[in-house]
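One is the number of the first residue; the rest follow in order along the sequence.
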Amino acid sequence: MRLGVLDIGSNTVHLLLIDAHPGARPIPFGSFKRALQLVAFLDDDGAINEKGQRELIDFITEAAAFARTHDAEDLLAFATSAIREAANGEAVLTRVYVETGIRLAELSGPDEAAATFLAVRRWYGWGSGNILNLDIGGGSFELAMGADEHPELALSVPLGAGRLTWDHLPGDPPTAKSVKAARRYIRETLEEPIAALQQLEPATIVAATSKSFRSLARITGAAPRAAGPYVKRELHLRDLTLWANRLAAMSVADRAELPGVSDVRAKQMLAAALVAESALSGLGIAVAEICPWALREGLILQRFDQLRAL
């Protein structure tokens, strides 16, 4: 069957069409996406303004038409922290449904962490043992750990790269004072999650998902996307520490010239590096392996597991 997955993220809004059936590997058929940083449309009260809502609704309308044109039999539509954390998030979800007929499922942070963990588990298999997965989004940072398909612990903290950039790292480049304050805020926010994870059995694989981690790995020397998904890519703490300092001194335009960094994400790369560095350092991890499957694939797998159970 052909399944459409509509992902309303903090940096991009993306419809992916995949062909698969229960028990099979999902194969991408087509993609329709747009850069839309909803955090840029927040008003002083933290609500998504009219312009942001209009752009979101227009995209969803076009995405639904794209899905119909290409014979999607099912549509899985979800929203993450960009709408979850907005002051008018519920009203936006209602308006989207009224104007487009698409009902967006609102995922909680732990839901995101658990679905992403499922994708990582399926990618590496049971032989990978106890997995720790880290995922930096635009609005939140998810951490999940366990030895089964459902993590023993799934956590979410407000350390998304977009959110941090807007709230803590103004300027181009930001001042040394603001970078120092951001580092302190990140460390303090991660204290409880790190302590909780350290109570569990040590991980046999530390995985990292999301575009932010992939870009950080590419900057530090990992293979390009063109090399394919089966090439092993790693992110080393020693390289990350070096590049976090470099990114702090670079303008957004200079960051956009780095390999693997898109224009839309260039501004957020420093925040992503600071979060990744603090998490790896705090957890005592020297290297993380980049997993090509993440939240979207996890939700696809959940859907087909449900269909197989019927």
Residues in side chain to side chain donor-acceptor pair (under 3.5 Å) contact with Glu142, at least two apart in sequence or another chain: Ser140, Ser156
Sequence neighbours excluded - side-chain hydrogen bond (donor to acceptor under 3.5 Å, both in side chains) pairs with any residue from residues 191-204: none
Pairwise side-chain contact, Trp293 with Leu301, heavy-atom cut-off 4.5 Å (strictly under): yes
Side chain to side chain contact (heavy atoms under 4.5 Å, CB included) against Ala64, all qualifying residues, sequence neighbours excluded: Arg68, Ile102
Verify same cluster id: Trp166, Phe41 (apolar side-chain graph, 4.5 Å): yes
Heavy-atom closest contact (Pro174 atom, Arg255 atom, distance): CD-NH2, 3.7 Å
Of all pairs that satisfy salt bridge (Lys or Arg N to Asp or Glu O under 4.0 Å), the ones with a partner from residues 11-20, not counting sequence neighbours: Arg2-Asp19
Spacing of Cys291 atom SG and Arg122 atom CZ [to the nearest 0.5 Å]: 13.0 Å
Considering all heavy atoms, the nearest Ile136-Ala272 contact: CD1-O, 3.5 Å
Partners passing side chain to side chain donor-acceptor pair (under 3.5 Å) against Glu62 (at least two apart in sequence or in another chain): Arg34
Criterion salt bridge (charged side-chain N to carboxylate O under 4.0 Å, His left out) on Arg84 and Asp111, from CA distance to verdict: CA-CA 12 Å; Arg84 183 176 68 236; Asp111 286 342; over 6 Å; no
Results of side chain to side chain contact (heavy atoms under 4.5 Å, CB included) for Asn88 - residues two or more places apart only: Ala47, Ile48, Gln53, Ala86, Ala91, Val92
Geometric class of the Tyr185/His168 ring pair [parallel <30°, tilted 30-60°, perpendicular >60°]: parallel
